[in-house]
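So the structure is just underneath, and the comments pick up after that.
Fair warning: this is a prediction, and the values are worked out from it, not measured in the lab. As the structure lists them, so they are numbered: ligands from 1, and atoms in each ligand from 1. Residue numbers run from 1 in the order of the sequence given. Below, all heavy atoms of this structure are taken into account, side chains as well, without hydrogens, waters or symmetry copies.
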Amino acid sequence: MPRIVYLNGHYVPYDEAKIPVMDRGFLFGDGIYEVTAVLDGKLLDNAPHLARLDRSLKEIGIPNPHTAAEWTTRQTELMRRNDFEEGLVYIEVTRGVYERDFLCPENLKPTVVMFTQPKTLRDHPLAKPGAAVITVPDLRWKRRDIKSVSLLAQVLAKQAARAANAAEAWMVEDGQVTEGASSTAFIIAHDGRILTRQLSTAVLAGVTRGAVLKLAEENNLRLELASFSVADALAAREVFYTSASTLVMPVISIDGQRVGDGRPGPLTKKLRQLYLSMAVNA
Ligand code: PDD
């Protein structure tokens, strides 16, 4: 079965989906993206992903070409055409196509792309052994709440992680962990408090973060929204990160130093389990 992608209203074989060289996403990274997880053929927590897409587009002045219901119809049709059961549905909206110029007319027609990416989420190969993380300086711009396709700093961070045999890079600014290159950072203190950073322009409002915080609350776990340092993380009882592509991922080392007892922690495992049950029953 050929891979079908969505391009500007059409479902086309991947090889036929072409974007003009003058697309501003290509030339300037002038666009927004979203990634929603799919388990058992169902979109997980899709509403907040679409709300974040809408917000990101507004923040950079690109009109949202679709309502949430229209997006969902298109995502669902794309999954159907790809016989898609588990993985990620990617959406990208760029400002559109225009002769290369920093400025462009305000009424450009946005370019809309969607594709599916099979990925093992439930039985992610790192979920059982846990992931190694390295830390890197946070080189990104100051509006990380916007899910921009300008991801050079994240690509470099991931390359550094791979070179160190790590799965993720945590970004550090002013001595505090901001977030992962493509995930939200969490620690669990020795008194059981689950800590993650408060939302601001310094981090992306992770959808999985939101779901985990809600699950923690419903299960009477203690939460604190606070920044933490790499030293705090190294001294923590458990460490994990969250994202649509990893769900809840235990961390077993940071910069080569063991975290906790060097194995995925019990509360992290419980949160991953709670997340998976919630996702399946939603
Ligand atoms: N990334 N922080 C950053 C910088 C991210 O890129 C992501 C997600 C997250 C977690 O957000 P969510 O829980 O909504 O996936 C946090 C996606 C998965 C990606 O770029 O592929």
Interfacing atoms of ligand 1 (cut-off 4.0 Å, heavy-atom, His49):
14 (O)
Which of the numbered atoms in ligand 1 are under 4.0 angstrom from any heavy atom belonging to Thr184?
10 (C), 16 (C)
Can you list the atoms of ligand 1 that are under 4.0 Å from a heavy atom of Ser245?
18 (C)
Quick test: of every protein heavy atom, which one is nearest to atom 19 (C) of ligand 1, and how far off is it to 0.1 Å?
Tyr33 OH, 3.7 Å
Can you tell me which portion of Gln117 lies within the under-4.0 Å heavy-atom range of ligand 1? Options are side chain, backbone, both, or neither.
neither
Among all protein heavy atoms, pick out the one at the shortest distance from atom 6 (O) of ligand 1; state its residue, atom name and that distance to 0.1 Å.
Ser182 CA, 3.3 Å
Among protein heavy atoms, which sits nearest to atom 2 (N) of ligand 1, and what does the distance come to when rounded to 0.1 Å?
Glu179 OE1, 2.6 Å
Check whether the side chains of Trp71 and Asn64 place a donor and an acceptor atom closer than 3.5 Å, and report yes or no.
yes
Are Val93 and Leu7 joined in one hydrophobic group, where the rule is that I, L, V, M, F, W and Y side chains link up if heavy atoms are under 4.5 Å apart?
no
Take Arg263 and Asp261 through the test salt bridge (Lys or Arg N to Asp or Glu O under 4.0 Å) and record every step on the way to the result.
CA-CA 6 Å; Arg263 287 178 304 186; Asp261 65 359; 3.1 Å; yes
Side chain, backbone, both or neither: the part of Leu204 lying under 4.0 Å from ligand 1 by heavy atom
side chain
Going by the 4.0 angstrom heavy-atom rule, the piece of Val35 near ligand 1 is side chain
Joint hydrophobic cluster, Leu276 plus Ile194, side-chain heavy atoms closer than 4.5 Å
yes
Which atoms of ligand 1 sit under 4.0 Å from any heavy atom of Ala181?
4 (C), 6 (O)
Please identify which atoms of ligand 1 are closer than 4.0 Å to at least one heavy atom of Gly206.
11 (O), 12 (P), 13 (O), 14 (O)
Look only at the side chain of Asp174 and the backbone of Gln176, and say whether a donor-acceptor pair between them is shorter than 3.5 Å.
no
Please check if atom NE2 in His190 has more than 12 non-hydrogen atoms from other residues, nucleotides or ligands closer than 6.0 Å.
yes
Geometric class of the Phe240/Phe186 ring pair [parallel <30°, tilted 30-60°, perpendicular >60°]
parallel
Answer yes or no for Arg144: is there a heavy-atom contact with ligand 1 below 4.0 Å?
no
May I ask you to list the atoms of ligand 1 that are less than 4.0 angstrom from any heavy atom of Gly180?
4 (C)
May I ask whether Tyr90 places a heavy atom under 4.0 Å from ligand 1?
no
Look up atom CZ in Arg272 and atom OG in Ser277, then write down how far apart they are to the nearest 0.5 Å.
11.0 Å
Which distance, rounded to the nearest 0.5 Å, do you find between the SG of Cys104 and the CD of Glu99?
12.0 Å
Per-atom contacts of ligand 1 with Ala244, taking only distances under 4.0 Å to non-hydrogen atoms:
12 (P), 13 (O), 15 (O)
Please report, to 0.1 Å, the donor-acceptor pairs under 3.5 Å made by any side chain of residues 105-119, with sequence neighbours excluded.
residue : atom : partner : partner atom : Å
Thr111  : OG1  : Asp23   : OD2          : 2.5
Thr111  : OG1  : Thr94   : OG1          : 3.4

Do any N/O atoms on Arg209 end up under 3.5 angstrom from N/O atoms on ligand 1?
no
For Ala211 and ligand 1, answer yes if some heavy atom of the residue is under 4.0 Å from a ligand atom, otherwise no.
no
Criterion side-chain contact (heavy atoms from CB on, under 4.5 Å) on Leu204 and Thr184, from CA distance to verdict:
CA-CA 8 Å; Leu204 186 75; Thr184 305; over 6 Å; no
Would one find an N or O of Thr208, backbone or side chain, under 3.5 Å from an N or O of ligand 1?
yes
Heavy-atom proximity to atom 12 (P) of ligand 1 ranks first, among Val207, Val248, Asp145, Val212, for Val207
Look at the side chain of Ser243 and the backbone N and O of Thr246, then say whether any donor-acceptor pair between them is shorter than 3.5 Å.
yes
How far is atom 1 (N) of ligand 1 from its nearest protein heavy atom, and which residue and atom is that?
Lys147 NZ, 3.2 Å
Does ligand 1 have an atom that lies less than 4.0 angstrom from a heavy atom of Glu34?
no
Is it true that a side-chain atom of Arg55 and a backbone atom of Ile146 form a donor plus acceptor pair closer than 3.5 Å?
no
Per-atom contacts of ligand 1 with Arg140, taking only distances under 4.0 Å to non-hydrogen atoms:
4 (C)
